[in-house]
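These notes are about the structure you will find just below.
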Amino acid sequence: MTARLLVTQCCIAGGGPAGLMLGFLLARAGVDVIVLEKHADFLRDFRGDTIHPSTIDLLDQLGLKEQFLELPHDEITTLDVVISGNRIRPVDFGRLRRGTRFLALMPQWDFLYFIAGQAAKYPNFRLLMGTEMTGLLREDGRVVGATGRDADGQVEIHADLTVAADGRASVLRATSGLIARDFGVAIDVLWFTLPKPQDAPPATLGYIDRHSMVLTIPRGDHYQAGMVIPKGGLDEIRTGGMEAFHRRIVETAGFLEPVVSSVSEWNQVKLLSVQVNRLSRWYQPGLLCIGDAAHAMSPAFGVGVNYAIQDAVAAANFLAAPLSDGTLTERHLARVQRRRLWPVKRMQPLQLRLHETIVRPGSGIVLPTPLPRRIRVLLAVGLPAVQWLAAHLIGRGFRREKLSRGLQRLSGR
């Protein structure tokens, strides 16, 4: 059967935050773009549902902030953790001096539909849902597009640039031969939904004791809840039974006891296999990897979506002009990697260190309850600096990305 042929300037595999944002920004700058998403919709639970201050600032730069914030969401200005019964506030976005000073929580599908809707306003943007990527097209050692299939059969997309934004299990990355270095993380996370109890405590990122860590991310009238477990430990937990699973949750986060039974079947519990890895080289002639396809981030600090979007902004800044005038070279792709590798190489070691010391089952973290005066004084003195630093690292990252003047000029033509 003959494959359908499509031709574009930029073919983007993956309709996640990185792929859709890059497609939107390039289309806005006049580049012809095709984005391919293997699923028929964006409706998947337990994806990164945090929209960071830097992303909201980007939407503000695009003139979309007010419209975006009309979508149902929760705004979080501080993040608390409870350690051995002691509530501590290590993150305060109110300490950011300029721009957005809160974190928005919303289902990722709402964010993706919003960006896709904005991109669809440009006739040079095409989003092909239900189209699964199968490989790369090459000519004379250069990637010249990608292959895929949809409900109607095989499809070939010929493009000046192909972007792999298809996640940590990237088909295009695997086909390219680019290999990521895996740093090894000894945990997984079990995600599930719990209703908020009638007397819910203040918004709290997580509860930690000597045995476990339970995450409670507020989402309206319920929590996107999670439990940190040893890597590969799901089978053992399931063998222990649902009641034992409930007890493990309540032992660490006792306030959930009235609602924990709402998780009654194992199909309500989703496994996130935590990975931290990155490519040493993000590109080949005609091919660029961004987001999780270039660097899988741990859920620690919740920065994965933020870094993926920042990759997209940097790529649009550097690539829109050469894509428009047909002068794209490897040198332009290398500039994207240089720009974004620096913050990735600084955040990933912090995530790994956090997993070694805190975000792991049986971390052994214990604080006396109530806290002795000496510890209270140390926290009072040291926490403001920690809150400021954490707000910047989590909210904006090591390198904040904004639309360049060149990209804005292209977008205004």
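These numbers come from a predicted model, not from an experiment.
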Report task. In sequence, state the C-alpha distance, the side-chain angles, and the governing distance for Leu194 and Thr216, and then conclude on side chain to side chain contact (heavy atoms under 4.5 Å, CB included). Result -> CA-CA 9 Å; Leu194 289 175; Thr216 51; over 6 Å; no
Query - Working for ring pair (Phe, Tyr, Trp, His ring centres under 6.0 Å), residues Tyr207 and Phe255 - result: CA-CA 10 Å; Tyr207 294 77; Phe255 79 99; 5.1 Å; yes
Requested in this report: Step by step, work out the side chain to side chain contact (heavy atoms under 4.5 Å, CB included) result for Phe318 and His332.
Outcome: CA-CA 6 Å; Phe318 288 129; His332 297 104; 5.6 Å; no
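Side chain to side chain, Asp209 and Ser84 fail the donor-acceptor criterion of an N or O pair below 3.5 Å.
Under the 6.0 Å cut-off for aromatic ring centres, Tyr307 and Phe398 do not qualify, their centroids lying 6.0 Å or more apart. The aromatic ring centres of Phe111 and Phe42 sit 6.0 Å or more apart.
Here the straight-line distance linking atom CG of Asn277 with atom CD of Gln348 works out to 7.0 Å at 0.5 Å rounding. Atom CG of residue Asp49 and atom CE of residue Met106 lie 9.5 Å apart, to the nearest 0.5 angstrom. Within the model, atoms CE of Met227 and CG of Leu234 stand 11.5 Å from one another, a figure rounded to the nearest 0.5 Å. The structure places CG of Leu137 at 13.0 Å from CZ of Arg142, a figure rounded to the nearest 0.5 Å. Distance CE/Met297 to CG/Asn306: 9.5 Å, rounded to 0.5 Å.
A salt bridge does not link Lys38 to Asp166: none of the charged side-chain nitrogens sits closer than 4.0 Å to a carboxylate oxygen. Between Arg339 and Asp311 there is no salt bridge, since no side-chain nitrogen of the basic residue lies less than 4.0 Å from a carboxylate oxygen of the acidic one. By the 4.0 Å N-to-carboxylate-O rule, Asp221 lies too far from Lys196 to be salt-bridged with it. Contact check on Asp74 versus Arg219 returns no salt bridge, with no Lys/Arg side-chain nitrogen under 4.0 Å from an Asp/Glu carboxylate oxygen. A salt bridge is defined here as a Lys NZ or Arg NE, NH1 or NH2 lying under 4.0 Å from an Asp or Glu carboxylate O, and Lys402 with Asp57 fails to meet this definition.
Within a 6.0 Å sphere centred on CG of Asn267, other residues, nucleotides and ligands contribute more than 12 heavy atoms. Glu330 CD: more than 12 foreign heavy atoms inside a 6.0 Å radius. Crowding of Arg87 atom CZ: a count of heavy atoms from other residues, nucleotides or ligands under 6.0 Å exceeding 12. Taking a 6.0 Å sphere around CD1 of Ile179, one finds it holds 12 or fewer heavy atoms contributed by other residues, nucleotides or ligands.
Met242 has its side chain within reach of Val263: a pair of non-hydrogen atoms, C-beta onward, lies under 4.5 Å apart. Put simply, the side chain of Ile309 does not reach to within 4.5 Å of the side chain of Ile51, judged on heavy atoms.
The nearest pair of heavy atoms linking Val31 to Ser324 is CG2-OG, 3.6 Å.
Among Val163, Leu128, Leu127, the one residue that satisfies the side-chain contact (heavy atoms from CB on, under 4.5 Å) test with Val35 is Leu127. Exactly one residue among Leu319, Asp32, Leu161, Asn124 makes a side-chain contact (heavy atoms from CB on, under 4.5 Å) with Gln9. That residue is Asp32.
By the 30° and 60° cut-offs, the orientation of the rings of His73 relative to Phe68 is parallel.
The side-chain tip of Arg247 does not point at the ring of Phe245 from less than 6.0 angstrom away and within 45° of straight on.
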